[in-house]
Amino acid sequence: MQDLKVIANHYTKALKNHTKGDLALLEEIIMGLKNVAEAIKLHKLNRVLAHVSLKVKKEVVFEILEKITSTKACSVLKPVMEVVLKNNRLEMLELIIQELSFDSKKTLEATLLVPQKLENNELEAVQQKLQARFNAPVEIAQDTWSKKGVSLSISSLDLEIGFSKEDILKKIEKQVIQSI
């Protein structure tokens with residue numbers, strides 16, 4: 001059982017890396033995997049799939065995937081399902097779903113660096129926009145810094161967004177010099 005968890009972790013990590021913090025896509029992938037796992041269980045396809053060639057397995061599972069998942073989620077899931085089928089690991093779908101579900105529900109922790117602290121209502125507005133963007137709860141820790149600009153980082157997504165007046169002026173200056 002422990003071996004299966006380790007292997008499922010590899011599949012989970014691959015899917016997470018491919019979504020790159022797009023929690024809406026991750027949610028679509030989770031739903032797609034749940035639906036495929038349920039379809040295979042309900043129709044006892046796992047018994048049939050155990051006795052057919054890899055080509056037939058792929059055709060059947062890909063047909064199910066295409067019908068019950070979005071195009072974007074399907075394009076991510078097809079290569080993963082191909083490897084799952086090739087290695088006869090359909091029983092691991094539940095473990096992969098559990099691992100992905102745990103990650104999609106966790107609260108994202110963001111750090112906001114600003115020249116002066118924001119009012120509570122401004123901070124809440126930023127928080128709501130981030131929650132809508134990432135489709136997940138977001139907690140924001142606010143801090144001040146000396147630059148005239150803003151920086152937002154979400155470490156769990158390896159995401160950092162920022163701009164400062166100096167940076168923008170340098171970029172404009174560089175563009176003007178290059179265009180001359």
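Just so you know, these numbers use all the heavy atoms, side chains as well, and skip hydrogens, waters and symmetry mates.
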Quick check on the hydrophobic clustering: are Ile161 and Leu130 connected, directly or via other members, by side-chain heavy-atom contacts under 4.5 Å?
yes
Do Glu91 and Lys41 meet the salt-bridge criterion of a basic N to acidic O distance under 4.0 Å?
no
Starting at CD1 of Ile97, measure out to CE of Met31 and round the result to the nearest 0.5 Å.
9.5 Å
I'd like to check Leu123 versus Ile140 (side-chain heavy atoms, cut-off strictly below 4.5 Å). Are they in contact?
yes
Donor-acceptor check, side chain of Glu66 to backbone of Glu63, threshold 3.5 angstrom: yes or no?
no
Taking atom NZ as the centre, does Lys72 end up with more than 12 heavy-atom neighbours from other residues, nucleotides or ligands that are less than 6.0 angstrom away?
no
Other residues, nucleotides, ligands: >12 heavy atoms within 6.0 Å of Gln131 CD
yes
Shortest non-hydrogen contact from Ile68 to Gly32?
CD1-O, 4.3 Å
Is there a donor in the side chain of Ser164 and an acceptor in the side chain of Asp167, or the other way round, less than 3.5 Å apart?
yes
Nearest non-hydrogen partners of Val76 and Leu15, listed with the distance:
CG1-CD2, 3.8 Å
Okay, side chain of Asn87, backbone of Val83: is any donor-acceptor separation there less than 3.5 Å?
yes
Any sub-3.5 Å donor-acceptor pair from Gln142's side-chain atoms to Thr111's backbone N or O?
no
Rounded to the nearest 0.5 Å, what separation is found between the NZ atom of Lys67 and the CZ atom of Phe62?
15.0 Å
Identify whether the distance between the nearest side-chain nitrogen and carboxylate oxygen of Glu82 and Lys58 falls below 4.0 Å.
yes
Where do Thr69 and Leu65 come nearest, in terms of heavy atoms and distance?
OG1-O, 2.6 Å
ILVMFWY network linking Val56 to Leu85, side-chain heavy atoms under 4.5 angstrom
yes
